[in-house]
Amino acid sequence: MARERVRWPSVVDRAREIVNGYAPMKVTLRQVMYRLASEGTLPHTAPMYRRLSAQLAKARREGRFPDLIQRWSSGIPTVVPSPLA
């Protein structure tokens with residue numbers, strides 16, 4: 001069975017809907033990935049997680065995606081601001 005090509009613009013749009021659905025709370029990249037994988041939008045693999053991270057970071061730099069939170073090893077959530085902020 002051939003793999004279907006990922007259409008990143010629509011994935012980023014769906015990820016934005018997921019993040020905005022939690023407003024005013026912030027979410028992590030991992031939460032977004034789990035939601036996309038559970039919907040069947042993306043396969044739940046480490047390489048796909050890294051590609052999603054790169055795509056959402058690019059969209060944030062371009063001002064097309066809301067901020068996410070980053071959980072550091074201390075367990076304290078930190079907001080990762082848009083580079084345009």
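Since the model is a prediction, treat every value here as computed from it, not as a measurement.
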Do any pairs count as a side-chain hydrogen bond (donor to acceptor under 3.5 Å, both in side chains) and have a residue in residues 44-58, sequence neighbours left out, and if so which ones? none
Is there side-chain contact between L42 and V11, with at least one heavy-atom pair below 4.5 Å? yes
If you define the side chain from C-beta out and look only at heavy atoms, does anything of L68 sit under 4.5 Å from V27? yes
Which atom of [X] lies closest to which atom of [Y], heavy atoms considered:
X: F65; Y: L56; value: CE1-CD2, 3.7 Å
X: K26; Y: I69; value: CB-CG2, 3.2 Å
X: V12; Y: R64; value: CG1-NH1, 4.4 Å

Sequence neighbours excluded, which residues qualify as side chain to side chain donor-acceptor pair (under 3.5 Å) partners of D13? R16
Could you tabulate the donor-acceptor pairs under 3.5 Å formed by side-chain atoms of residues 30-37, not counting sequence neighbours?
residue : atom : partner : partner atom : Å
Q31     : OE1  : T28     : N            : 2.8
Q31     : OE1  : T28     : OG1          : 3.3
R35     : NH1  : Y22     : OH           : 3.2

Once rounded to the nearest 0.5 Å, what's the spacing between atom OG1 of T41 and atom CD1 of I18? 7.0 Å
